[in-house]
Amino acid sequence: MSEFPKPKPLPKVPDYGPNAIEVKGLTFAYDSNPNNVILNDLNLELPTGSRCLLIGANGSGKSTLMRILAGRHLAKAERDIKVLGLNAFRDTKLNFHRAYLDCDWGMRTVAFAGTGVPLMADIPVHKMMERLQQSYPERRDELVEMLGIDLHWRMHQLSDGQRRRVQLLLGLIRPFKVLLLDEITTSLDVCVRQDLLRWLENESQERGATIIYATHIFDGLDDWPTHLTYLTDNGDTGWQGQLEELEYYQQLKLEKHPAKMLAVADHWLRKELERKRAQKRFEKAQGAGAHELDPTNRQGGYASGRNIRTEEKKDEEMSAPLVRKSTLSDMMGNAGVMHKHREGV
């Protein structure tokens, strides 16, 4: 393997107080349907070194919350969303101290397939993010052994479980202060999953890492989290706090219940399910809101309505010439190709 210089010191994070994550009064809806509120007046405080299990039914907003904390979505109340005391969306220092892993890694949406398919690059694992691997060799070797990875695996030959382990390797190599895991263990076998949970517990205890883990698989989690957060199907907080403060959990513990965390999740989510069944409410399909999109919203030129102009702007845009500059198409003599969109606007 090639030699790389030692990594530069990571940017320092100013003193942020006792809580690594603070969310105050977060209400969030996607622009495609502003009336469909995903998160409703949500508050969350997690102290440094805590391990929070995020529980909620499908569609309750778990992934949305994780993406907001990861800086993938900009919320209107951004000043009230702090990670390590910094703006979760705008402060780039967090890129060196925050890790976010979800199930979309290495996937590409293909129209004729109708879903995401794995990227099939013929590249060995040891060449992926090679400089990062070489910057933390001891940590890489520890993860490789724990996850059972062969660094000479080639990505186009891997199963779903093997690809997930490679994702975990690359996502966990750099020491993190905050880790966000969204359903990341679905393809792992039981032994690797248990080893990973123990490794994460050690990260929080020895390095003070703060971890949020959203999952529907509760095996082996009875004593893993320090905190619980339950998101209701209305997008608000049903319960949150330290595990030891939850009376129902303590009752199950006294009864020596064999699957305490599963029982807690079922206790909360079963009530929602029965209410939905009684009201004949069904979960919407993920893409069901596509027909509600504004066709005049160009979204910087990337939306499907990028060539549709409103009546108010049509005259103004028609009077301004469309000219491309410094592009390959100009050099090839195609500078006027954009004028083909003038007809029928």
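Predicted model only: the values in this text are computed from it and were never measured.
The minimum heavy-atom distance linking Asn234 with Asn40 is given by the pair O-CB, 3.7 Å. Nearest heavy atom pair, residue Leu269 against residue Ala57, reads CD2-N, 3.6 Å. Taking all atoms of both residues into account, the shortest heavy-atom contact from Ser60 to Leu231 is CB-O, 3.8 Å. Leu65 and Leu44 get closest at one heavy-atom pair: CD2-CD2, 4.5 Å. Nearest approach of Leu69 to Ala88, heavy atoms of both residues: O-CB, 4.0 Å. For the pair Thr210 and Pro47, the tightest heavy-atom approach, listed with the atom from each and the gap, is OG1-O, 3.7 Å.
Between the side chains of Gln251 and Glu255, a donor-acceptor pair is found at a separation under 3.5 Å.
Considering only residues two or more places apart in sequence or on other chains, Ser50 meets the side chain to side chain donor-acceptor pair (under 3.5 Å) condition with none of them. Under the side chain to side chain donor-acceptor pair (under 3.5 Å) criterion, Glu183 pairs with His216, not counting sequence neighbours. Judged as a side chain to side chain donor-acceptor pair (under 3.5 Å), and not counting sequence neighbours, the contacts of Lys93 are Asp91. Judged as a side chain to side chain contact (heavy atoms under 4.5 Å, CB included), and not counting sequence neighbours, the contacts of Asp266 are Arg270. In this structure Tyr248 satisfies the ring pair (Phe, Tyr, Trp, His ring centres under 6.0 Å) test together with His267, sequence neighbours excluded. In terms of the side chain to side chain donor-acceptor pair (under 3.5 Å) criterion, Glu244 has no residue partners (sequence neighbours excluded). The side chain to side chain contact (heavy atoms under 4.5 Å, CB included) search around Glu142 returns Trp199, not counting sequence neighbours. By the side chain to side chain contact (heavy atoms under 4.5 Å, CB included) test, Ala29 pairs with no residue at all, sequence neighbours left out. Under the ring pair (Phe, Tyr, Trp, His ring centres under 6.0 Å) criterion, His73 pairs with Phe28, Tyr30, not counting sequence neighbours.
Taken from SG in Cys52 to CD in Gln240, the straight-line distance is 8.0 Å, to the nearest 0.5 Å. Summarising the geometry, atom CG belonging to Leu181 is positioned 7.0 Å from atom CG belonging to Leu172; distances are rounded to the nearest 0.5 Å. Atom CZ in Arg98 sits 14.0 Å away from atom NZ in Lys177 (nearest 0.5 Å). Rounding to the nearest 0.5 angstrom, the gap separating the CZ atom in Arg164 from the CG atom in Asp189 is 13.5 Å. Considering OG of Ser63 and CD1 of Ile68, their distance stands at 11.0 Å, rounded to 0.5 Å. In this structure, CG on Leu151 lies 12.0 Å from NZ on Lys127, to the nearest 0.5 angstrom.
Side chain of Gln133 to backbone of Met128: a donor-acceptor contact under 3.5 angstrom is found. For the pair His227 (side chain) and Ile212 (backbone), a donor-acceptor distance under 3.5 Å is absent. Here the side chain of Arg174 pairs no donor or acceptor atom with the backbone of Tyr136 at under 3.5 angstrom. In this structure a side-chain-to-backbone donor-acceptor pair under 3.5 Å is present from Thr226 to Arg51. The backbone N or O of Asp41 lies less than 3.5 Å from a partner atom in the side chain of Thr27, making a donor-acceptor pair. Proximity of a side-chain donor or acceptor of Glu203 to a complementary backbone N or O of Ala209 within less than 3.5 Å is not detected.
Pairs engaging residues 64-81 under the salt bridge (charged side-chain N to carboxylate O under 4.0 Å, His left out) rule: Arg67-Asp102, Glu78-Arg90 [sequence neighbours left out]. Counting only residues at least two apart or on different chains, the salt bridge (charged side-chain N to carboxylate O under 4.0 Å, His left out) pairs with a member in residues 219-231 are Asp222-Lys260. Applying the salt bridge (charged side-chain N to carboxylate O under 4.0 Å, His left out) definition to pairs two or more places apart or across chains, none involves residues 7-20.
Atom CD of Gln157 sits in a crowded spot, with more than 12 heavy atoms from other residues, nucleotides or ligands closer than 6.0 Å. Counting non-hydrogen atoms of neighbouring residues, nucleotides and ligands closer than 6.0 angstrom, the CD atom of Gln279 exceeds 12 such neighbours.
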Show the numbers, then the answer: is there a side chain to side chain contact (heavy atoms under 4.5 Å, CB included) between Leu168 and Leu143?
-> CA-CA 8 Å; Leu168 286 164; Leu143 287 166; over 6 Å; no

Starting from the C-alpha separation in whole Å, work towards a yes-or-no answer on side chain to side chain contact (heavy atoms under 4.5 Å, CB included) for Lys82 and Lys24.
-> CA-CA 9 Å; Lys82 300 292 185 182; Lys24 297 179 181 179; over 6 Å; no

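Both Phe218 and Leu197 are assigned to one and the same hydrophobic cluster, defined by single-linkage of ILVMFWY side chains at heavy-atom distances under 4.5 Å. Cluster membership for Leu74 and Leu26, using ILVMFWY side-chain heavy atoms within less than 4.5 angstrom, is not shared. In terms of hydrophobic clustering, with Ile, Leu, Val, Met, Phe, Trp and Tyr side chains grouped at heavy-atom distances under 4.5 Å, Ile123 and Met129 are assigned to a common cluster. In the hydrophobic cluster analysis, where Ile, Leu, Val, Met, Phe, Trp and Tyr join through side-chain heavy atoms closer than 4.5 angstrom, Ile217 is grouped apart from Leu273. Hydrophobic clustering, with ILVMFWY side chains joined whenever heavy atoms are under 4.5 angstrom apart, groups Leu10 together with Leu170.
The closest side-chain heavy-atom distance from Val13 to Leu86 is below 4.5 Å. Contact annotation: the side chain of Cys191 never approaches that of Gln194 to less than 4.5 Å [non-hydrogen atoms, C-beta and beyond]. The side-chain heavy atoms of Tyr249 and Leu243, taken from C-beta on, include a pair separated by under 4.5 Å. Under the 4.5 Å side-chain criterion, counting only non-hydrogen atoms from C-beta, Tyr213 is not in contact with Leu200. In this structure, the side chains of Arg165 and Leu158 stay at 4.5 Å or more apart for every pair of heavy atoms. Side-chain contact between Val125 and Asp150: absent, with no pair of heavy atoms (C-beta onward) separated by less than 4.5 Å. With contacts defined as side-chain heavy-atom distances shorter than 4.5 Å, the pair Leu228/Met261 qualifies.
Tyr230 and Trp268 have parallel rings, their planes meeting at less than 30° on a 0 to 90° scale where 60° marks the start of perpendicular.
Salt-bridge formation is not detected for the pair Arg163/Asp160: no Lys NZ or Arg NE/NH1/NH2 atom is positioned less than 4.0 Å from an Asp or Glu carboxylate oxygen.
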